[in-house]
S.K.: 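First, the structure itself, so that you have it in front of you.
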Number of protein chains: 2
Amino acid sequence: MEGLDRAALEQVSEYFKSLAEPTRLCLINALRDGEMSVSDLAEAVESTPANVSKHLSLLASTGFVERRTQGTSVLYRIADSDIYALCDLVCGHIAKRIAAKVMSRQ
Amino acid sequence: MEGLDRAALEQVSEYFKSLAEPTRLCLINALRDGEMSVSDLAEAVESTPANVSKHLSLLASTGFVERRTQGTSVLYRIADSDIYALCDLVCGHIAKRIAAKVMSRQ
DNA sequence: TGCTTATTTAACGAATTGGTTGTATAGTAG
DNA sequence: CTACTATACAACCAATTCGTTAAATAAGCA
């Protein structure tokens, strides 16, 4: 992303922003094992269908999830599994930080 | 990050949040070639020292950058180059999306 | 010591965002 | 058709955030 101009960086930040919310990360986690309906997801993340629907719309707008209608339900699924690589990188960074903190305390 | 509880996901989201801002991404880009002072960074990203200082503090709190004092200046540098892998993953995702959009239009 | 420069911090305002509530839409069953 | 269910959407509020401005802190130098 070296040569990106301001507008491009703004777009990149939009994508990070879509992952910068615990409820959305929780939804992404819940979708690990396959597609789920909005109401099931709402139960899984302990929130309301309206709220979950809004978060899923945002995740769909950045292309991390996709939707499919089945009867009166809407099933969401992960569209780009790179999303997990992203999360793992961040988790690794956090782990590194914790390890460094432990070392410095010795 | 599969088995993370709510508190852990909140922490993960904090890290994504620190990258979810165009000015901060711009600062990270500017630091590619080595450490820079706050005022030089402010000029590079076309902002004020006060604003840049605040952004750098946030990036330091998540451990993506580190600071070093030299005289009256403070030099910042990238502390974990995984940050670029993160950005590249997001950029790749965006590129994929654009490519898919182009394909679907043919 | 006092003066200058570099950085940080505090206080403020405008804008954005997560969650709720109520309503609208769409599909299914009777 | 009506009733019911699932989802989406709009309006609203509380809380957060980005940027600015002004004041505070710290280091170097006359």
Side-chain angles (χ1 to χ4, degrees), chain A residues 6-7 9-31 34-77 79, chain B residues 6-31 34-62 64-77 79:
Chain A
R6 194 77 187 185
L9 291 179
E10 228 156 279
Q11 198 182 349
V12 173
S13 76
E14 284 303 307
Y15 283 76
F16 277 121
K17 209 171 289 181
S18 76
L19 302 178
E21 215 284 323
T23 301
R24 289 196 285 272
L25 292 179
C26 205
L27 288 169
I28 289 164
N29 251 345
L31 290 174
E35 57 188 6
M36 286 177 73
S37 71
V38 175
S39 43
D40 285 351
L41 281 168
E43 198 172 341
V45 307
E46 294 175 335
S47 181
T48 63
N51 190 25
V52 166
S53 173
K54 211 158 60 163
H55 282 305
L56 289 169
S57 296
L58 201 153
L59 284 173
S61 78
T62 47
F64 286 118
V65 304
E66 284 174 342
R67 35 173 290 163
R68 175 171 81 87
T69 300
Q70 187 181 56
T72 64
S73 293
V74 175
L75 303 180
Y76 280 87
R77 65 184 177 279
Chain B
R6 194 77 188 185
L9 290 179
E10 228 155 280
Q11 199 182 350
V12 174
S13 76
E14 283 303 308
Y15 283 75
F16 277 120
K17 210 171 288 180
S18 76
L19 302 179
E21 216 283 325
T23 302
R24 288 196 286 273
L25 292 178
C26 205
L27 287 168
I28 289 163
N29 251 344
L31 289 173
E35 57 187 6
M36 287 176 72
S37 72
V38 175
S39 43
D40 285 351
L41 281 168
E43 197 171 345
V45 308
E46 294 176 333
S47 181
T48 62
N51 191 26
V52 166
S53 172
K54 215 159 53 164
H55 282 304
L56 289 168
S57 296
L58 201 154
L59 285 172
S61 77
T62 47
F64 286 118
V65 304
E66 284 175 342
R67 36 172 291 161
R68 174 172 80 88
T69 300
Q70 188 180 58
T72 65
S73 292
V74 175
L75 303 181
Y76 280 87
R77 64 184 176 280

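Order of the sequence lines fixes the chain letters, A, B, ..., with proteins taken first and strands second; residue numbering starts at 1 for each chain.
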S.K.: Specify the separation, in whole Å, of atom OH of Tyr76(B) and atom P of dT7(C).
M.R.: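 Roughly 9 Å, once rounded to whole Å.
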S.K.: Got Tyr76(B) and Leu27(B) here, is their nearest side-chain heavy-atom distance under 4.5 Å?
M.R.: no
S.K.: So, does Ser57(A) get its side chain near the phosphate of dA8(D), meaning an N or O under 4.0 Å from OP1 or OP2?
M.R.: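 No, no such contact exists.
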S.K.: Taking NZ from Lys17(B) and C1' from dC18(D), how many angstroms apart are they, rounded to a whole number?
M.R.: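 From Lys17(B) NZ to dC18(D) C1': 14 Å.
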S.K.: Is the shortest side-chain N/O distance from Ser39(B) to OP1 or OP2 of dA6(C) below 4.0 Å?
M.R.: no
S.K.: Checking side chain to side chain contact (heavy atoms under 4.5 Å, CB included) against Leu75(B), which of Arg67(B), Met36(B), Arg68(B) comes through?
M.R.: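 It is Arg68(B), the one option of Arg67(B), Met36(B), Arg68(B) that forms the side chain to side chain contact (heavy atoms under 4.5 Å, CB included) with Leu75(B).
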S.K.: Rounding to a whole Å, what distance do you find between Leu56(A):CG and dA6(D):P?
M.R.: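 These atoms are roughly 16 Å apart.
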S.K.: Rounded to the nearest angstrom, tell me the gap between atom NE2 in His55(A) and atom C1' in dT17(C).
M.R.: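 Between C1' of dT17(C) and NE2 of His55(A): 9 Å.
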S.K.: Would you tell me whether Arg24(A) and Thr62(A) have side-chain atoms, one donor and one acceptor, within less than 3.5 Å of each other?
M.R.: no
S.K.: Looking at dT7(C), dT7(D), dT20(D), which one has an atom nearest to any side-chain atom of Val74(A)?
M.R.: dT7(D)
S.K.: I want to check one thing: is the phosphate of dT8(C), taken as OP1 and OP2, less than 4.0 Å away from some side-chain N or O of Arg67(B)?
M.R.: yes
S.K.: Determine whether Arg6(B) and Thr23(A) satisfy the following criterion, side-chain hydrogen bond (donor to acceptor under 3.5 Å, both in side chains), listing intermediate values before the conclusion.
M.R.: CA-CA 8 Å; Arg6(B) 194 77 188 185; Thr23(A) 301; 2.5 Å; yes
S.K.: Take a 6.0 Å sphere around CD of Glu66(A) and say whether it holds more than 12 heavy atoms from other residues, nucleotides or ligands.
M.R.: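 Correct, the count exceeds 12.
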S.K.: Could you state the CD-C1' distance from Glu21(A) to dG19(C), rounded to the nearest angstrom?
M.R.: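 My rounded result for the distance is 10 Å.
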S.K.: Using atom CZ of Arg68(A) as one end and atom P of dA8(D) as the other, report the distance to the nearest whole Å.
M.R.: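 About 14 Å, once rounded to whole Å.
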S.K.: Take Asn51(A) and Ser73(A), find for each the nucleotide of DNA chain D with the closest heavy atom, and name the residue whose nucleotide sits nearer the 5' end.
M.R.: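 Of the two residues, Ser73(A) wins.
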S.K.: From the set dG22(C), dT8(C), dT7(D), return the single nucleotide nearest to any side-chain atom of Val38(B).
M.R.: dT8(C)
S.K.: When you get a sec, tell me which of dA6(D), dT8(C), dG19(D) is the closest nucleotide to the side chain of Lys54(B)?
M.R.: dG19(D)
S.K.: Please tell me which of Thr72(A) and Ala20(A) maps to the more 5' nucleotide of DNA chain C, matching each residue to the nucleotide holding its nearest heavy atom.
M.R.: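 First, find each residue's nearest nucleotide; the 5'-ward one identifies Ala20(A).
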S.K.: Over how many whole Å does the gap from Asp40(A) atom CG to dA6(D) atom C1' extend?
M.R.: 11 Å
S.K.: Using a heavy-atom cut-off of under 4.0 Å over every strand shown, decide if Thr69(B) touches base, sugar-phosphate, or nothing.
M.R.: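 Nothing, no heavy atom under 4.0 Å.
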S.K.: How many whole angstroms separate atom CD of Glu14(B) from atom P of dT17(D)?
M.R.: 7 Å
